[in-house]
**Q** 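Can you read through this structure? Questions will come right after.
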Amino acid sequence: MLIGEAAIRAGCRFYAGYPITPQNELTEYMSENMRKVKDGIFIQSESEIAAIHMVTGASAAGVRAMTSSSSPGISLKQDGISSLAACELPAVIVNMMRGGPGLGNIAPAQGDYFQATRGGGHGDYRTIVLAPASCQELADLTMDAFDLADEYRNPAIILADGMMGQMMEPTVFKKAKPRNYSESFMLRGAGKGKSKIIKGLVLPPLEMEEHNWKLARKYQVISDKETRHEAFNLDNAELVVVAYGTAARITKGAIKRLGESGLRVGLFRPITLWPFPVKALRELSHKVKNFLVFEMSTGQMLEDVRLALQGYANIDFHGRPGGVVPTPAEFAIAVEREFRDKDTYGRQF
Amino acid sequence: MLVKTIFSGFGGQGVMMIGYTFAHGAMNAGYHVTYLPSYGAEVRGGTANCTVSVADEEIASPVASEPEYVVAMNNPSVQTFQNRIASNGIMLINSSITDARPNRKDITVYEIPAGEIAEKIGNPRASNVVMIGALLKKIGMIPPETYLNSLETILGDKKKAVAETNRRAFAAGYDYLK
């Protein structure tokens, strides 16, 4: 609901989706509210694949467009997402992750990190991935996703989970920025002017190579400029938990408990999962030597943390995949165990 | 200050409704609040619960390890949450249809015959509102009028008679406990 309202306020005027738990609230909200705004279009498509390609069409015509789904549905959309990236078209894709692989279950999980941050579909591309950890951020980051998608003409993904999709918190909508997107990118009928073509099929290898490098240069700019993270309780921390989204909320609860027993634990929360906040995390390793990665998966962001820290710190992992959401107390026990063993040689790298 | 409450019962007893209205009331009373419903492939008559955290500072985690309050509308709720509730916590039980009682000695249990009370008022379906009345008496924090305003905002333009029944059910629950 929040994402839907934020999207409409951000000027999204095309939404296509196909139902799947746990994100149906968003599709339902769009079905009711898209028609209330001028030029707003809602389509319940015949499939996830149809929805993403409708978004591609809307985006090519210059409309702010969005689709949403949950893990298995997002897998189906990868063909379209790859296409959007190839054609340099902006779009926002929401993934409320659930347990996987396969159909898995409908409980909150974080198993789609690799899929989201490594491009997801085929070919040499990346998507901007934003990971909200509160209702306020669901709203704020949705608006930001549209702006980033436009600015870099690239698909942007909101990566949250079933828990973020179901919870409620008081939220204030920020004012949406006016859209800054050149009409020259839009296909709206050439009239008597020169015809424009948007295409993802580039047959001559040399031409394709040049296109790949052009995209790579764009991704480099995004990596340099757009990383975001939250630092929580890092002053004098002896152990830093790296977690995003729901796992980060649980971590904050655990940190408060641990603080009461005198354990100095901090949280580093990536808000952009791609680009991953490598520099900030690496700088942190000059001060702290013990890191614990916590994910509701078997360890995916763990790889990015290893790449960022490059062996300069101890890295351990705690995972709860499959749709399990541990309580802060349960996680606090895991952190406490970790805290006792910190600074010991030969821990998992 | 951080107070976590779990509302639990059969689907259809209105536990999500009182949890949501309670969260809304707390928001209007000026608190930080999170509302987290349980969800799954639920069916009517199955079990449902939600967690509401209320605090005067930012709420770290919407998942409650040890709730201070549990509103249990049926037997499975008592059985499930008796081990989760914090020491010195309070469990309010809808005793009209619940035989189970917690084995804990370190928590306080209040038995509220919510079904009978609601029936006396003329709407047996209002037992959930009786329970929230009793909860607010114990939890304080939210002025009854603030809560009732939230309840009426959320129920929207439903019949006046329903709003009146809810007010009476709330008052009966509120007055039932000292």
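Per chain, numbering begins at 1; letters A, B, ... match sequence-line order.
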**Q** Going by salt bridge (charged side-chain N to carboxylate O under 4.0 Å, His left out), name the pairs with one or both residues in residues 162-176 of chain B, residues two or more places apart or in two chains.
**A**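 Found Glu145(B)-Arg167(B), Glu152(B)-Arg167(B).
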**Q** If you count heavy atoms of other groups shown closer than 6.0 angstrom to CE of Met1(A), is the number above 12?
**A** no
**Q** Mind listing the closest non-hydrogen atom pair of Pro328(A) and Ser61(B) along with its distance?
**A**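 So the two residues come closest at CG-OG, 3.4 Å.
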**Q** Is the shortest heavy-atom distance from the side chain of His32(B) to the side chain of Pro170(A) under 4.5 Å?
**A**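 Answer no - side chains too far apart.
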**Q** Does Met167(A) reach the side chain of Pro62(B), with side-chain heavy atoms less than 4.5 Å apart?
**A**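 Side chain of Met167(A) against side chain of Pro62(B), heavy atoms only: contact under 4.5 Å found.
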**Q** When rounded to the nearest 0.5 angstrom, what distance separates CZ in Arg84(B) from OG1 in Thr327(A)?
**A** 6.5 Å
**Q** Is it the case that the side chain of Arg249(A) and the backbone of Val63(B) share a donor-acceptor pair, with hydrogens and angles ignored and the cut-off at 3.5 Å?
**A**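 Checked: no pair found.
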**Q** Applying ring pair (Phe, Tyr, Trp, His ring centres under 6.0 Å), name anything that partners Tyr176(B), two or more places apart in sequence or on another chain.
**A**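 Here no residue qualifies.
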**Q** Has Lys287(A) got more than 12 heavy atoms of other residues, nucleotides or ligands less than 6.0 Å from its NZ?
**A** no
**Q** Got a sec: does the CD1 of Ile154(B) have more than 12 other heavy atoms crowding it under 6.0 Å?
**A** yes
**Q** Partners of Phe331(A) by ring pair (Phe, Tyr, Trp, His ring centres under 6.0 Å), sequence neighbours excluded?
**A** Phe294(A), His318(A)
**Q** Taking side chain as C-beta onward, heavy atoms only, is Met168(A) less than 4.5 Å from His24(B)?
**A** no
**Q** Within a radius of less than 6.0 Å around OH of Tyr29(A), do more than 12 heavy atoms belonging to other residues, nucleotides or ligands occur?
**A** yes
**Q** Can you confirm whether Lys120(B) is buried at NZ, in the sense that more than 12 heavy atoms of other residues, nucleotides or ligands lie under 6.0 Å from that atom?
**A**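 It does not: Lys120(B) NZ has 12 such atoms or fewer within range.
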**Q** Is Glu169(A) close to Tyr35(B) at the side-chain level, that is, under 4.5 Å between some pair of heavy atoms?
**A** no
**Q** How about Glu116(B): does its CD atom have over 12 heavy atoms from other parts shown lying under 6.0 Å from it?
**A**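 Yes, CD of Glu116(B) has more than 12 neighbouring heavy atoms, counting only those of other groups under 6.0 Å.
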**Q** Below 4.5 Å, heavy-atom pairs only: which of Gly323(A), Cys135(A), Gly162(A) has the largest tally toward chain B?
**A**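 Heavy-atom pair counts peak at Gly162(A).
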**Q** How would you list, in number order, the residues of residues 253-266 of chain A that have a heavy atom less than 4.5 Å from chain B?
**A**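 Gly253(A), Lys256(A), Arg257(A) fall under the 4.5 Å cut-off.
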**Q** Gln166(A), Glu330(A), Lys252(A): which one forms the most heavy-atom pairs within less than 4.5 Å of chain B?
**A**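 Highest number of heavy-atom pairs under 4.5 Å: Gln166(A).
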**Q** Is it the backbone or the side chain of Pro326(A) that comes under 4.5 Å from a heavy atom of chain B, or both, or neither?
**A** backbone
